[in-house]
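To find a chain, count down the sequence lines: A is the first, B the second, and so on, and within it residues start at 1.
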Amino acid sequence: AQKITQTQPGMFVQEKEAVTLDCTYDTSDPSYGLFWYKQPSSGEMIFLIYQGSYDQQNATEGRYSLNFQKARKSANLVISASQLGDSAMYFCAMRETDSWGKLQFGAGTQVVVTP
Amino acid sequence: NAGVTQTPKFRVLKTGQSMTLLCAQDMNHEYMYWYRQDPGMGLRLIHYSVGEGTTAKGEVPDGYNVSRLKKQNFLLGLESAAPSQTSVYFCASTMVGAADTQYFGPGTRLTVL
């Protein structure tokens, strides 16, 4: 069963605007971690942000923030003040306890930032 | 500090040929992973290793074998390549802590004709 769902296959956003990328997850593990990665057209996987299931506050890293709603099992990524260089595929991933660090990925959301 | 490196970056094989992909990390990470990425899909775990000399199957292990003879290296082998194995392969490594992120190599683009 799909454990990570990203329902937006693609999005267009204008430069300088904010964009929210949706991610919902499914787990019965009380302790887990959620990650967002960026994959530009060059292909590498770039870590953006991490949220632990017991973290009281939403994670933030520069222009990236994670809107963590535990009861709804959602971990949406918010990119503020979009830049042209933000055009990329974005993946949400989850790591459960006792999973030997394995990540389960969603299908990704393609973001295109327009001038 | 090179991080995670993968060799080769590109490869074209004919059906039935064999090859080995090499992953090396210089961060002294215990855990290493091999993923494949197909169009329209996220990364899927092939095999992983939690320490030197240990390996385990992931979500899509069929047709692949792995070895971790040294802590810093993780090899992925295709004994008899099939067109269904055309994909981009990523290696990753991480420390043991729950919050530790996985660091990915640049990927290997493999085409099987």
Enquirer: Above 12 or not: heavy atoms from other molecules or residues under 6.0 Å from CZ of B/Arg109?
Expert: no
Enquirer: Test of understanding: clusters of I, L, V, M, F, W, Y form through side-chain heavy atoms closer than 4.5 Å, transitively. Do B/Phe90 and B/Tyr64 belong to the same one?
Expert: no
Enquirer: Using side-chain heavy atoms (C-beta onward) and a distance below 4.5 Å, is A/Gln39 in contact with B/Phe104?
Expert: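 Not touching, per the 4.5 Å side-chain cut-off.
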Enquirer: Is there a side-chain contact between B/Tyr31 and A/Trp100, using heavy atoms and a 4.5 Å cut-off?
Expert: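 In contact.
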Enquirer: Using every non-hydrogen atom in the two residues, find where A/Phe91 and B/Met41 come nearest and quote the distance to one decimal.
Expert: CE2-O, 4.1 Å
Enquirer: Can you hop from B/Val4 to B/Leu110 via hydrophobic side chains spaced under 4.5 Å?
Expert: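 Unlinked, B/Val4 and B/Leu110 end up in two clusters.
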Enquirer: Is there a continuous path of hydrophobic side-chain contacts, each under 4.5 Å between heavy atoms, that joins A/Phe35 to B/Leu43?
Expert: yes
Enquirer: Would a hydrophobic clustering, with Ile, Leu, Val, Met, Phe, Trp and Tyr connected at side-chain separations under 4.5 Å, put B/Leu22 with B/Tyr89?
Expert: no
Enquirer: Measure across B/Thr101 and A/Phe47 and return the closest heavy-atom pair with its distance rounded to 0.1 Å.
Expert: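 Looking at all heavy atoms of both residues, the shortest contact is OG1-CD1, 3.2 Å.
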Enquirer: When you compare the side chain of A/Lys102 with that of B/Tyr33, does any pair of heavy atoms fall below 4.5 Å?
Expert: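 Yes - at least one pair of side-chain heavy atoms lies under 4.5 Å apart.
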Enquirer: Let's test your reading of the structure: which of A/Gly43, A/Gly108, A/Gly52 forms the most heavy-atom pairs below 4.5 Å with chain B?
Expert: A/Gly43
Enquirer: Any side-chain heavy atom of B/Gln37 sitting closer than 4.5 Å to one from A/Phe105?
Expert: no
Enquirer: By a 4.5 Å heavy-atom criterion (distance strictly below it), what part of A/Tyr37 contacts chain B: side chain, backbone, both, or neither?
Expert: side chain
Enquirer: Side chains of B/Glu59 and A/Gln104: any donor to acceptor distance under 3.5 Å?
Expert: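 Short answer, no.
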Enquirer: With a 4.5 angstrom heavy-atom cut-off, could you sort out which part of B/Leu45 is near chain A: side chain, backbone, both or neither?
Expert: side chain
Enquirer: Is A/Glu15 atom CD crowded by more than 12 heavy atoms from other residues, nucleotides or ligands, each under 6.0 Å away?
Expert: yes
Enquirer: Answer yes if B/Val60 and A/Met45 sit in the same cluster of Ile, Leu, Val, Met, Phe, Trp and Tyr residues linked by side chain heavy atoms under 4.5 Å apart, and no otherwise.
Expert: no
